[in-house]
**Q** 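Sharing a structure, written as structure tokens. Questions coming.
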Amino acid sequence: MMSASIPSEQIVALLQWYADMGVDVAIGDEPVDRFAESAQAAPSPIPSPVRSAPEPEPSRRTASATAQPRMASPAPTMLTTSPDAVELAAREQARSARTLEELRDLLERFDGCALKATASRLVFADGAPDARVMFVGEAPGRDEDIQGKPFVGRSGQLLDRMLAAVGLDRTKAYIANIVPWRPPGNRDPTPQETTICRPFIERQIELVAPKVLVCLGARSAQALLGVTDGILKLRGRWLDYELSGQRIRAIATLHPAYLLRQPVQKRLAWRDFRAIRTVLEQDAP
Ligand code: URA
């Protein structure tokens, strides 16, 4: 707990440091003093002067104490089941959704992915459910977590400009992510989180049934297309995405967040977007 005697500029500096380190979400309403907890949990000291075994290092003790669940509310029951069982449950639930609304509803109630506990809300999708082109990113960031819509932050604004450059906008495209909850501090989703969420995005693709699927970034392509190459090798290559008998043309391109960091690579993305436009035009109803 922060003492009132700490000068406000030190508190501001500490919060800034937390934010810089990626700690920008509160996962409980009340602060928890982990040092007091670990002191209580520590084994009672063996009377000195003779100690038969060295005491565990303080940092180790703190780490094991912080490894305990920290949610203010009880952990959802599914988190206690094995990852395989959660994946199976995810697959069965996703398959049972007959519409996008049902799928969204199922995800709102799905407790198998720990990211739900730290995210503010579900970020399901944006755009037109009957779109002929679907874009799939990796995971929501801070702005998406606040607004509940994918790609609304800086990379989303760039994505909108890229869409506009080929005559598309969110009334003609459908946008979602592999993982629909923001990983805390914008860390990468773990392989396990991706595996658990994948059945839902697969079902989402199946229900939208776009003509063209665009994977934004390597992680999206790797999760959906079963490829392992890096994005610079993968991008711009047309692949077939097959799901329950549907064949969808799929392509990976550079993630807008990467383009914000490497603007010189926009020319490659521009090439991919023109290829996407050509395929959509050829296939126009
Ligand atoms: N990056 C993503 O992959 N998805 C979003 O929704 C926003 C940023």
Side-chain angles (χ1 to χ4, degrees), residues 19 22 24-25 100 103-104 107-108 110 113 115-116 118-129 131 133-164 168-205 208 210 212-225 227 230-232 234-235 241 250-263 265-266 268-269 272-273 276:
D24 57 2
V25 284
L100 288 169
L103 188 66
R104 181 191 201 119
L107 266 171
E108 292 280 13
F110 181 71
C113 179
L115 291 176
K116 185 181 180 183
T118 50
S120 316
R121 69 200 82 245
L122 174 74
V123 178
F124 184 68
D126 195 21
V133 55
M134 176 166 176
F135 292 81
V136 181
E138 180 188 335
R142 184 172 173 277
D143 295 302
E144 290 75 22
D145 183 62
I146 293 170
Q147 295 190 38
K149 279 189 190 174
F151 285 98
V152 290
R154 276 186 69 223
S155 47
Q157 287 154 19
L158 177 56
L159 177 62
D160 285 341
R161 292 199 295 278
M162 290 155 76
L163 292 177
L168 293 171
D169 60 25
R170 293 184 189 226
T171 66
K172 299 186 196 113
Y174 186 85
I175 304 172
N177 281 305
I178 300 284
V179 168
W181 293 283
R182 182 201 183 197
N186 290 351
R187 67 161 169 76
D188 294 338
T190 64
Q192 190 184 328
E193 288 157 357
T194 301
T195 302
I196 288 169
C197 294
R198 187 167 36 219
F200 293 101
I201 185 66
E202 286 178 347
R203 184 70 183 138
Q204 211 168 344
I205 297 168
V208 174
V212 173
L213 174 67
V214 184
C215 296
L216 296 169
R219 285 194 193 85
S220 168
Q222 288 162 358
L224 291 177
L225 307 177
V227 287
I231 192 65
L232 289 173
L234 276 175
R235 59 143 287 278
Y241 178 76
I251 189 169
T253 189
L254 303 169
H255 193 288
Y258 171 80
L259 296 174
L260 287 172
R261 294 192 303 272
Q262 302 283 336
Q265 303 287 40
K266 281 184 188 167
L268 297 178
D272 301 340
F273 271 66
I276 294 164

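Ligands are counted one by one from 1 in listed order, and the atoms in each one are counted from 1 as well.
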**Q** With nothing but distance in play, are any N or O atoms of Glu138 less than 3.5 Å from an N or O of ligand 1?
**A**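 N/O-N/O distance below 3.5 Å exists for this pair.
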**Q** CD1/Ile231 to CZ/Arg219 distance, rounded to the nearest 0.5 angstrom?
**A** 10.5 Å
**Q** In the protein, what heavy atom is nearest to atom 4 (N) of ligand 1, and what distance, to one decimal place, separates them?
**A**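 For atom 4 (N) of ligand 1, the nearest protein heavy atom comes out as Asn177 OD1, 2.8 Å.
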**Q** List every atom of ligand 1 that sits less than 4.0 Å from any heavy atom of Pro150, numbering the atoms from 1 in the order shown and giving each element.
**A**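 Near Pro150, meaning under 4.0 Å from one of its heavy atoms, ligand 1 has 6 (O).
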**Q** Does the ring center of Phe151 lie less than 6.0 Å from the ring center of Phe135?
**A** no
**Q** For the residue pair Ser155 and His255, what are the closest heavy atoms and their distance?
**A** OG-CE1, 4.4 Å
**Q** Any atom of ligand 1 sitting under 4.0 Å from a heavy atom of Ala257?
**A**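 The answer is no: ligand 1 sits nowhere under 4.0 Å from a heavy atom of Ala257.
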**Q** Please determine whether any non-hydrogen atom of His255 lies less than 4.0 Å from an atom of ligand 1.
**A** yes
**Q** Taking 4.0 Å as the limit for heavy-atom contacts, which would you say applies to Ser155 with ligand 1: side chain only, backbone only, both, or neither?
**A**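 The side chain, only.
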**Q** Do the non-hydrogen side-chain atoms of Glu193 and Trp181 ever get within less than 4.5 Å of each other?
**A**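 SC-SC contact between Glu193 and Trp181 ruled out.
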**Q** Side-chain contact test, heavy atoms from C-beta onward, threshold under 4.5 Å: evaluate it for Phe273 versus Lys266 and give yes or no.
**A**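 Phe273 vs Lys266: side chains apart.
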**Q** Going by heavy-atom distance to atom 5 (C) of ligand 1, choose the closest among Gly137, Ala139, Gly217.
**A**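 Comparing heavy atoms across Gly137, Ala139, Gly217, the nearest one to atom 5 (C) of ligand 1 lies in Ala139.
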**Q** So, 4.0 Å and heavy atoms of Gly156: is ligand 1 close enough to count as a contact?
**A**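 Gly156 does not count as a contact of ligand 1 under the 4.0 Å cut-off.
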**Q** Write down the atom of Gln204, the atom of Leu100, and the distance for their closest heavy-atom approach.
**A**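 In terms of heavy atoms, the two residues are closest at CG-CD2, 3.8 Å.
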